[in-house]
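Along the sequence shown, the residues carry numbers beginning at 1.
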Amino acid sequence: MSSISAPRGVRDILPDESWKWEHVLDVTARTAKDFGYREIHLPVFEHTELFSRGVGETTDVVEKEMYTFEDRAGRSLTLRPELSASMVRSYLENRMDKLHQPVKLWSAGPMFRYERPQKGRYRQFWQIDFEAMGSQDPYVDVETIALSLEIFKRLGLSRLEVVVNSVGCPVCRPVHREALQDFLRPRLNDLCETCQTRFDRNPLRILDCKNPACREITDGAPDTISCLCDECSSHFSEVRKGLDTIGAAVSIDKRLVRGLDYYTKTAYEVLSGDLGAQNAVCGGGRYDNLAESIGGPHTPGVGFAAGVERIVLTMEQQGCSFGRQPLLDAFVVCSEEGIRDEAFKLLYELRSAGIAADIDYSGRSFKAQFKFAGGSGASFACVVGPEEVSSGSVTVKDLQSGEQRQVARGDVASAIMTSGHKNG
Ligand code: AMP
């Protein structure tokens, strides 16, 4: 019988990588705080309706990519494919409209989409997600964009392209939709199959089709910006002004429409050429009608989500620092079985003093314990042998320089703490 492997499209984040994630999540949490966002933990599954109504029936995510199942009571549940709908659901359910607006929340965790796996695209992947709900102010849009850029800057990322667009609202979108359909109708048969099916259901998405033939056809097509109503148009000007004010280098991409239906007005993406085909690191925008589409009162909102796997991949490509890998400070080496308890006592004293320490559990020889200590990345080996026990001391060996000295038993922790070689 062959052993069971992980399902297609999901991966284990092994310790050699997970410390990098920890760094990304730490920087995210600190930046969130600096921008006045508070963390929220949301359920991994929700009622299917939340996504079908919130994200939109005609989106790829809802049509083809959801992990939907019935629970034992026959309810239809779905593993969350994204977080904005859950955030808004939680805002409404917990009456956050009573709080000071906007309510600014962030979260991190796994999302699930049944997509064709490839580099940077998985069926379970992590997102960091930020949402500001309860304000129409265009400067809140600016703040979310600035916040994502600040996280990337603090992580040391460079060569990122930031593209923005305005996709309008229910007033101006139908005007654009009609203009676009009129423009495309004569060449409908030349569009790719997917675009042909989108023509009636979701023609806006035809603008972001990557097929060269479709791109050529849509080259002169009416864009959303040229059809914006006065309100959307002035909102977009304010967003651009705000981005200028804070010196954010962004360009306008009139083809940017994003894959989820709920976007209104501002849409934006952060792209990295270092990622290959799946080049979006982050995507977001305004979704003023999402709350209503899931049965709540009108609640404007704006936010973004960035993929943690793609952030880590880009950082690796660009040689960014992840800080120091957390390694052991000390490895306790015990020379004789009979004094193992003394070694254990030292081990636990070190640990309670906040020193990352470990010991051998495999009956290795004295020499092999040293070798293992060296390989573990520990800065020091602390040797407990019969001589040390009788003299009340420990031999502390600096594993990098090879220097060693006798340290009184009670001083080992402070000697390591003040050595300048503490790892953690
Ligand atoms: P979206 O909600 O599709 O705009 O996605 C936001 C961000 O999540 C993207 O910019 C990616 O960084 C990341 N992302 C989306 N789908 C996947 C996936 N299947 N695998 C890995 N990362 C993803």
Side-chain angles (χ1 to χ4, degrees), residues 12-31 108 154-157 308 311-424:
D12 302 317
I13 311 302
L14 300 174
D16 278 346
E17 191 181 346
S18 66
W19 69 279
K20 299 179 178 177
W21 283 49
E22 199 180 322
H23 175 68
V24 170
L25 294 171
D26 274 358
V27 168
T28 302
R30 259 179 281 134
T31 318
R154 291 187 190 187
L155 290 172
L157 286 168
V308 177
I311 292 175
V312 171
L313 268 172
T314 316
M315 287 177 71
E316 284 172 344
Q317 291 281 338
Q318 298 191 359
C320 300
S321 162
F322 290 93
R324 284 211 333 203
Q325 182 166 9
L327 296 169
L328 287 179
D329 298 312
F331 198 86
V332 175
V333 174
C334 174
S335 72
E336 278 177 28
E337 189 55 37
I339 48 175
R340 221 172 158 222
D341 281 351
E342 285 301 322
F344 267 112
K345 260 198 219 156
L346 175 66
L347 174 69
Y348 280 87
E349 276 163 30
L350 294 178
R351 286 176 171 172
S352 346
I355 288 167
D358 216 342
I359 199 165
D360 172 57
Y361 292 106
S362 315
R364 288 183 175 85
S365 70
F366 187 57
K367 209 169 135 206
Q369 286 180 56
F370 261 105
K371 210 167 149 210
F372 188 77
S376 75
S379 304
F380 298 96
C382 297
V383 184
V384 179
E387 273 172 40
E388 281 87 358
V389 172
S390 62
S391 67
S393 67
V394 172
T395 303
V396 178
K397 181 173 182 180
D398 183 324
L399 290 167
Q400 253 123 58
S401 67
E403 257 174 60
Q404 63 178 51
R405 61 193 171 112
Q406 295 292 116
V407 178
R409 174 62 191 263
D411 297 338
V412 179
S414 64
I416 293 175
M417 280 292 194
T418 54
S419 67
H421 295 297
K422 192 179 172 321
N423 279 321

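Without hydrogens or angle criteria, Glu17 side chain to Leu14 main chain gives no donor-acceptor distance under 3.5 Å. No donor-acceptor pair closer than 3.5 Å links the side chain of Asp26 to the backbone N or O of Ala29. The main-chain N or O of Ala357 is never found under 3.5 Å from a side-chain atom of Asp329 such that the two would form a donor-acceptor pair. Using modelled atom types, no side-chain atom of Ser362 and backbone atom of Arg364 make a donor-acceptor pair closer than 3.5 Å.
By the ring pair (Phe, Tyr, Trp, His ring centres under 6.0 Å) test, Phe344 is found to be paired with no residue, residues two or more places apart in sequence or in another chain being considered. Under the side-chain hydrogen bond (donor to acceptor under 3.5 Å, both in side chains) criterion, Glu349 pairs with Arg409, not counting sequence neighbours.
Rounded to the nearest 0.5 Å, atoms CG (Leu25) and CZ (Arg30) are 11.0 Å apart. Atom CD of residue Glu388 and atom SG of residue Cys334 lie 10.0 Å apart, to the nearest 0.5 angstrom. Interatomic distance, Thr418 OG1 to Asp411 CG, rounded to the nearest 0.5 Å: 9.5 Å. A distance of 12.5 Å separates CZ of Phe372 from OG of Ser365, quoted to the nearest 0.5 Å. Within the model, atoms CZ of Phe380 and CD1 of Ile355 stand 9.0 Å from one another, a figure rounded to the nearest 0.5 Å. Considering CD of Gln317 and CG of Leu313, their distance stands at 7.0 Å, rounded to 0.5 Å.
When side chains are defined from C-beta on, Phe322 counts as touching Glu316, because their heavy atoms get closer than 4.5 Å. Between Val383 and Gln404 the shortest side-chain heavy-atom distance does not fall below 4.5 Å. Inter-residue side-chain proximity for Asp16 and Gln325 is flagged as met; some heavy-atom pair is nearer than 4.5 Å. Residues Ile416 and Cys382 are in side-chain contact: their nearest non-hydrogen atoms beyond the backbone lie under 4.5 Å apart.
Minimum heavy-atom separation, Ala381 to Val333: CB-CG2, 4.2 Å. In plain terms, the two heavy atoms of Met315 and Val24 that are nearest each other are SD-CG2, 3.9 Å. For the pair Pro386 and Ile339, the tightest heavy-atom approach, listed with the atom from each and the gap, is N-CD1, 3.5 Å. The two residues Val389 and Glu342 make their nearest non-hydrogen contact at CG2-CG, 4.0 Å. Residues Phe331 and Ser376 share a closest heavy-atom pair of CD1-OG, 4.3 Å. Considering all non-hydrogen atoms of both residues, Ser321 and Gly323 come closest at OG-N, 3.0 Å.
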**Message:** Between Gln406 and Thr395, does the side-chain hydrogen bond (donor to acceptor under 3.5 Å, both in side chains) criterion hold? Intermediate values first, please.
**Reply:** CA-CA 5 Å; Gln406 295 292 116; Thr395 303; 2.6 Å; yes

